[in-house]
Protein chains: 2
Amino acid sequence: MADVAARAGVSLKTVSRVVNNAPHVQPELVERVLAAVAELGFRRNPQASSLRSGQPSATIGLLIEEIANPFYATIAGVVAEIARQNDTMLIIASSEEDPDREQQLLREMCTRRVDGLLVVPAGDDHAFLRAEIELGTPMVFLDRPAGGLIADTVLLDNRGGARDGMRRLLEAGHRRIGILLDSLGVYTMRERLDGAQDALAPAGVPYDTRLVRDGIRGPSAAARVVSEMLDRPDAPTAFFSLNNRITLGVIEELHRRGSDAALLGFDDFDMAGLVPYPLTVIAYDTRELARAAAELLFRRIEGDRSWPRTVVLPTELVARGLAPR
Amino acid sequence: MADVAARAGVSLKTVSRVVNNAPHVQPELVERVLAAVAELGFRRNPQASSLRSGQPSATIGLLIEEIANPFYATIAGVVAEIARQNDTMLIIASSEEDPDREQQLLREMCTRRVDGLLVVPAGDDHAFLRAEIELGTPMVFLDRPAGGLIADTVLLDNRGGARDGMRRLLEAGHRRIGILLDSLGVYTMRERLDGAQDALAPAGVPYDTRLVRDGIRGPSAAARVVSEMLDRPDAPTAFFSLNNRITLGVIEELHRRGSDAALLGFDDFDMAGLVPYPLTVIAYDTRELARAAAELLFRRIEGDRSWPRTVVLPTELVARGLAPR
DNA sequence: TAGCGCTCGGACAACGTTGTCACAATAGCG
DNA sequence: CGCTATTGTGACAACGTTGTCCGAGCGCTA
């Protein structure tokens, strides 16, 4: 900046004023300064600038489980767009469902003085963020609630959606429904399982633990479990898959066998209309989830200090897949 | 930091030493300082730190077209992981194929003094980055080459892959092959179309422009084009779709009609093994693409000043989809 | 023409940290 | 016991920028 000032024949402060579009500078000087800036390729250092002026960093952080997963990729896309609209840069990191890693990454983001955080929590204790919140960093949790912390949260109606879906299966006369899920350690899985149970009691169907299988990590594991269940004498007449990766495996196995079991899956997915098996999915608006969370965050950043709120977004039952030809 | 020093009864500099794990500090003092740090909730300001010490920002930027797109999401995931392994934060932004927006976002990243940039170019002139490169910011372009700039680049063998795929169709006896593509403004589309043409001449099949349709933006547009082509008297016996969104639409229409046209698609996709139509895809390793680019970038950041290199990754023909039941 | 207010430019300090250097205290040596 | 090394500590300036404040120069009025 001093070089620019020398070149333009003005004081350092005048250059600062020009660079910051401050008033009270002669048009002629402005021009000279801008010329010098262009010639010397000067660009102001935002670190020094915000150090002195105490301005925010115009950066937010987004912590998700896994970027490559379409659910999180969709969220990241929406957040990136809203961040751009707010002239804010976006730092993204993946916790890979590891609480230690989550904590480390969130700390790092806070250290970098992000203006706000959007977090899909991995661990179940986020007390370490309390100091940061009190220090004034806004934070919005999405898809799952934070542990041990009262904070803004945007969730899906996992429980209600699962209950509605199960009710549909029960109304169709199914009494033996296989329920397949990933880890019970994940909040959404617990909620969805609870929702399924909610529907059983009013229908007079007992909760049979032999029909519930957890720890299913991917499509092929799901296919194996389905195969095994169908081979039992009291095979299920319907399946409820609690996430879309499991749904894929179930479809694969049911299609392979030419089975006519009903299939209900939580999570919609791309190409769900093209899969070779009729299924009903519990769908929701992922983009709306991200939008609500990001908008809330920016309202907080702009100074909204009202009491933390929790938003729950609805789910919807949708018929998908192709009938067998 | 001054408060911490006062509380621990040491000088400010000693606190700095402790915070930076510098040697030559008495263990007892270290302890007192750390206690004061904990009590006051002190965290050093990396902006001021790097302002003074001139250290790099430990941040890289990734510019892609659209985060929600699985191709870019996969890239982002790999880059995020490699960044983490290098203790580096990752800023992600989407250009949405808009050259102006690309330029604006890249400038902003450079202003923030990122240590390096990974760019999927949207525009075709990146001369504005030359000053930045000469200033010492490493940059690696991926999936598409930069315009008007000699720089590190990691590409896929679009042309070779398309040629091999077409050759396969020609060997199977197809002579009328419908070619469907998105905009010719996109580098990869041009390369793939060139590759298709490369295969036609040696097989003695003329290039018939009536069989080539560009400007196809999504699955439903693709389905319409297929429908129209199949209704013509000299309907194609095979289709070559130049990206996976188009492939989806083609499948939909071919399946709907119960057609037996052969289908070749560029880009593999999730669930490609579950779609209700037999198809061959030109697949490649997206993760490897991202890995190669990110590794190269970090080698540059670590000081590798060798001549810019261009890496071209191979493609592979893979049979996918389910035969009709 | 003196006095007044208004505009604009520049000197200076400060943001929070660390590199440099100097000095004090201790240990090691002849 | 005095000398030099070595280690531990602190004063100071500097990184690049901007907020504060003062005063120079200007035009206007009485």
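As a basis for the values below, the full set of heavy atoms in this structure was taken, side chains included, without hydrogen atoms, waters or symmetry mates. Note that the structure is a prediction, hence the values are computed from the model and not measured. By convention in this document, chain letters (A, B, ...) are assigned in the order of the sequence lines, proteins followed by strands, and residues within each chain are numbered from 1.
In this structure, Ser49(A) reaches the dT18(D) phosphate: one of its side-chain N or O atoms is under 4.0 Å from OP1 or OP2. Within the 4.0 Å cut-off from OP1 or OP2 of dT18(C), at least one side-chain nitrogen or oxygen of Ser16(B) is found.
Set against dG16(D), dT17(C), dT9(D), the side chain of Ala48(A) has dG16(D) as its closest nucleotide. Distance from the side chain of Thr14(A) is smallest for dG10(C) among the nucleotides dG16(C), dT18(D), dG10(C).
With the nearest nucleotide of DNA chain D identified for both Arg17(B) and Ser53(A), Arg17(B) has the one nearer the 5' end.
Residue Gln26(A) is in sugar-phosphate contact alone, with no base atom involved, counting any heavy-atom pair closer than 4.0 Å across all strands shown. Contacts of Val25(B) with the nucleic acid, taken as non-hydrogen atoms under 4.0 Å apart, involve only primed sugar atoms and P, OP1 or OP2. Heavy atoms of Leu12(B) sit under 4.0 angstrom from at least one base atom.
Where the helix from dT1(C)-dA30(D) to dG30(C)-dC1(D) starts and where it ends, the local axes point in directions that differ by 50°; five pairs per end, rounded to 10°.
A donor N or O paired with an acceptor N or O is not found under 3.5 Å between the base of dT17(C) and the side-chain atoms of Arg52(B). Between the side chain of Lys13(B) and the base of dG8(D), no donor-acceptor pair of N or O atoms lies under 3.5 Å.
For the residue pair Arg112(B)/Thr59(A), the side-chain donor-acceptor check at 3.5 Å is satisfied.
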With the criterion being N/O to N/O and under 3.5 Å, what pairs connect the protein with nucleotides 26-28 of chain D, and how long is each?
none

